[in-house]
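Both ligands and their constituent atoms are indexed starting at 1 by order of listing. Everything numeric in this text was worked out from a predicted model, so none of it was measured.
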Amino acid sequence: MPVPFNLADALDTALKSAAVTAGLEAAAFAPEVRTADARHGDFQANGVLGYAKARKLNPRAVAEKLTTALPAEVSADYDVVIAGPGFINFTLKPATLLAWLRTHDSAAHLKASAATVRQGQTWVVDYSSPNTAKQMHVGHLRSAVIGEAICRLLEFSGAKVIRDNHIGDWGTQFGKLIWAYQRHLDPVALAADPLEEFERLYKVGNAAAEADPAVLEQARQELVKLQGGDPANLAIWKEINGASLGAFQQIYDQLGITFDVTLGESFYNDQVERIYRELTETGLAEESQGALVVFHPEHARFKTQPFIMRKADGASNYATTDLATALYRTEHFHADGIVVVTDFRQADHFEQLFLAVKKWFAAKHYRLPELHHVTFGVITGEDGKALRTRDGGTIKLKELLAEAEARAFALVSERSADIPPDERQKIAAVVGVASIQYSDLSQNRSSDYVFAWDKIISLEGNTAAYLLYAGARIHSIFRKLGTTESGATAANPDPTGQAGALETPAELALARKLVKFADAIRLATDTLRPHFLSLYLYELAGEFSAFYAADKVAVGDPAIRARRLLLCGRTLLVLETGLNLLGLRTLTRM
Ligand code: ARG
C-alpha cells in the first residue's frame with residue numbers, strides 16, 4: 001500500500017472502518033484524528049472520549065476494541081498506544097517515514113494527493129474589492145493578502161476557485177466627482193497620475209458642496225443623470241473606473257494576484273428589481289418608514305435592527321447589490337461555496353445578509369452554497385492607533401510596498417554583499433513583498449495587527465525573510481553537493497534510491513514534521529485561517545535548522561548522505577509549496 005499524503009485523514013478512515021468491525025455505532029463515531037503534541041506521538045484520535053461519554057461506556061474499553069479492529073496496515077506503519085482516559089496515539093515507524101518521503105516527491109503530486117471533499121466544487125472568493133476613484137491604502141492590504149492565500153488553499157484542496165474583485169464602483173461619491181471633473185479637471189495631472197487627480201477632484205467637489213447648497217444639489221443631479229444612463233456622465237464614470245483598475249492592477253501584480261472576474265456593484269444594477277420582488281413575495285421584506293427592510297425576529301439584535309435593502313428615496317444600496325451578488329454567484333457560477341473577505345466592521349452586514357439569503361433561498365428552493373464571511377482586525381501602528389503617515393494621512397499601498405522593498409534591499413545587502421547589486425535588487429523585490437504578506441498571514445486574522453517594520457523585515461523570528469532564507473540555504477546545499485557522483489538535485493534528491501532508514505533524532509524529528517504538512521493545510525483550509533500553515537512552516541524551518549546543525553549532510557557514507565539529501569529535498573518541496581500556498585514567491589539564492 002502506498003503511504004498516503006494526508007496521514008491523519010487515512011487514520012480517520014481506518015478508525016471508521018475499525019468502528020464497523022468492532023461493532024460500534026459507526027455512523028455516530030467521529031475519530032477526530034489530529035496532529036499530536038510531539039510528546040504523545042505523531043497523531044492522536046480524540047473522538048473516542050465523546051463517543052463513550054454520550055453512551056456511558058468506558059472510553060478505554062472502547063479504545064481497546066477499536067485498536068484491536070484496526071486494519072493490519074495501520075499496525076505495520078505505526079506504534080499504536082492507548083493513553084490517558086482513552087486517547088489513541090499513533091507514532092510512525094521510521095520505515096513509514098522514509099516511505100512517505102520517497103512517495104511524495106513533487107508539487108504536482110502533493111496537490112493531486114491533497115484533494116478533499118472540495119474536489120470538483122466551485123468556490124467564489126470575493127476579496128480585495130476596493131472602492132474606485134481612490135488609491136489603495138494600507139487598509140486594503142489585508143483583504144488582498146488573506147483572500148489570495150485562501151484562494152490558493154481552496155484550490156489545493158481540489159476546488160475550482162473564481163477570484164472575484166467586487167469593486168465599489170457605484171457609490172454616491174460619483175456625483176461630486178463628476179461635478180468637479182466637469183469644471184476643475186487638470187489634464188496634465190490626469191495624465192501623470194489619474195488616481196491622484198480623481199482624489200483631488202473629489203476633495204474639490206466635496207468642499208464646494210459643503211460650502212454651497214446649490215453645488216450639493218448640482219452634484220446630486222449629476223448622480224441622478226449617471227444612474228439614469230446619461231452618456232456624458234457614463235463616459236466620465238467609465239474613465240474613472242478604468243483608471244482605477246489600471247492602478248489597482250499594479251498592486252495586484254506585485255502581490256501575485258490575478259482576478260478571474262471583476263464584477264463590481266454596478267454590474268448588479270439591473271438585477272435589483274428581481275431582488276425586491278422575490279424578497280417581498282416570500283414575505284421576508286417589509287415596508288418600514290418608506291424603506292424596504294428585512295428583520296430577523298429570531299435574532300437578538302436583528303429583530304429590531306433593519307437590513308435596509310431599498311432606501312426610502314427608492315435607491316438601491318450595498319445590501320441590495322450584495323443580495324443580487326449572492327444570487328448571481330449561485331445561478332451563474334453554480335457556487336458550492338462563497339467567501340467574502342473584509343474587515344470585521346462589516347460583520348453585521350454579512351450576518352444579516354447571510355440570514356436573509358438562507359431564508360430567501362429556502363423559500364424559493366434555490367440551492368444554498370456554503371457562506372463564509374472571513375473577517376480580520378485593523379492594522380495599527382506600534383502605539384495601537386490606526387496606521388498613518390507622520391502628518392496623519394493614510395499610507396498608500398504602493399508606497400508601503402516600495403518601502404518594504406527598500407528595507408529588504410538593506411537587509412540583503414548587509415548579509416550578502418557578495419551578490420551583485422542588480423540581483424540583490426531582484427531578491428529585495430521578492431523579500432519586500434513577501435515580508436508584508438507573511439507578517440499578515442502569520443498571525444490569527446481575527447486579531448488587530450501591529451505593524452512594526454523591524455519585526456516584519458527581519459531574518460529573526462517568524463518572518464518571510466527567515467523562511468525564504470531557509471529555502472535558499474537548501475538550494476545552496478544542492479548547488480554544492482548535487483554535482484557529485486550521485487547527481488542529486490533538489491527536485492530529485494536521491495536519484496539512485498540509496499537513502500536508507502532514518503536514524504538520528506534530528507533526522508527523525510524533521511521527517512516527523514514533514515509528514516504533518518497535509519494536516520496543517522487541512523486545518524488552515526477548513527478554518528479559512530492561513531496562520532495555521534504559517535506556523536507550521538516556521539516550525540518546519542526550525543526543525544530543519546536543528547537537523548542541519550546536528551547532522552552533517554556531506555558525509556562519505558553514500559546511504560547516510562542520500563537520506564540526508566532526501567530530507568533536504570523534501571523540506572524544500574514542502575517549504576516552497578507552503579509558501580506558494582500563502583501567495584509568496586520564493587528564492588533560490590538570498
Ligand atoms: N467595497 C467594499 C469596501 O471597500 C468591500 C466589498 C466586499 N464585498 C462585498 N460583496 N460586499 O468596504
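For F350, the closest heavy-atom approach to ligand 1 falls below 4.0 Å. No heavy atom of T325 sits closer than 4.0 Å to any atom of ligand 1.
With a 4.0 Å cut-off on non-hydrogen atoms, D322 touches ligand 1 through its side chain and not its backbone. Contacts between Y268 and ligand 1 below 4.0 angstrom, taking non-hydrogen atoms only, are absent altogether. At a heavy-atom distance under 4.0 Å, no atom of I167 approaches ligand 1.
Of the listed residues (D126, V341, D169, N131), the one carrying the non-hydrogen atom nearest atom 8 (N) of ligand 1 is D126. Closest heavy-atom approach to atom 1 (N) of ligand 1 within the set G168, S129, G139: this belongs to S129.
The pair R163-E148 meets the salt-bridge criterion, with a side-chain N (NZ, NE, NH1 or NH2) lying under 4.0 Å from an Asp/Glu carboxylate O. At a threshold of 4.0 Å, the pair R277-E273 does not count as salt-bridged, since none of the basic side-chain nitrogens sits closer than that to a carboxylate oxygen. Between R329 and D126 a salt bridge is recorded (basic side-chain N to carboxylate O distance below 4.0 Å). Using a cut-off of 4.0 Å between Lys/Arg side-chain N and Asp/Glu carboxylate O, E210 and K176 are scored as not salt-bridged. Salt-bridge annotation for K398 and D193: present, with a side-chain N of the basic residue lying under 4.0 Å from a carboxylate O of the acidic one.
Per-residue contacts place Y318 under 4.0 angstrom from the following atoms of ligand 1 (heavy atoms of the residue considered): 2 (C), 5 (C), 6 (C), 7 (C), 9 (C), 11 (N).
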Please assess Y538 against Y466 for the test ring pair (Phe, Tyr, Trp, His ring centres under 6.0 Å), listing each intermediate value before the final yes or no.
CA-CA 8 Å; Y538 176 57; Y466 171 72; 5.6 Å; yes
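Of the polar atoms of T342, none of the N or O atoms is found under 3.5 Å from an N or O of ligand 1, judged by distance alone.
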Donor-acceptor pairs under 3.5 angstrom involving side-chain atoms of residues 352-359: please list them, not counting sequence neighbours.
| unit_1 | atom_1 | unit_2 | atom_2 | d |
| --- | --- | --- | --- | --- |
| Q352 | NE2 | Q305 | O | 3.1 |
| K359 | NZ | H296 | ND1 | 2.7 |
| K359 | NZ | E298 | OE1 | 3.2 |
| K359 | NZ | E298 | OE2 | 3.0 |

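Scanning the protein heavy atoms around atom 12 (O) of ligand 1, the nearest turns out to be Q346 NE2, 2.9 Å.
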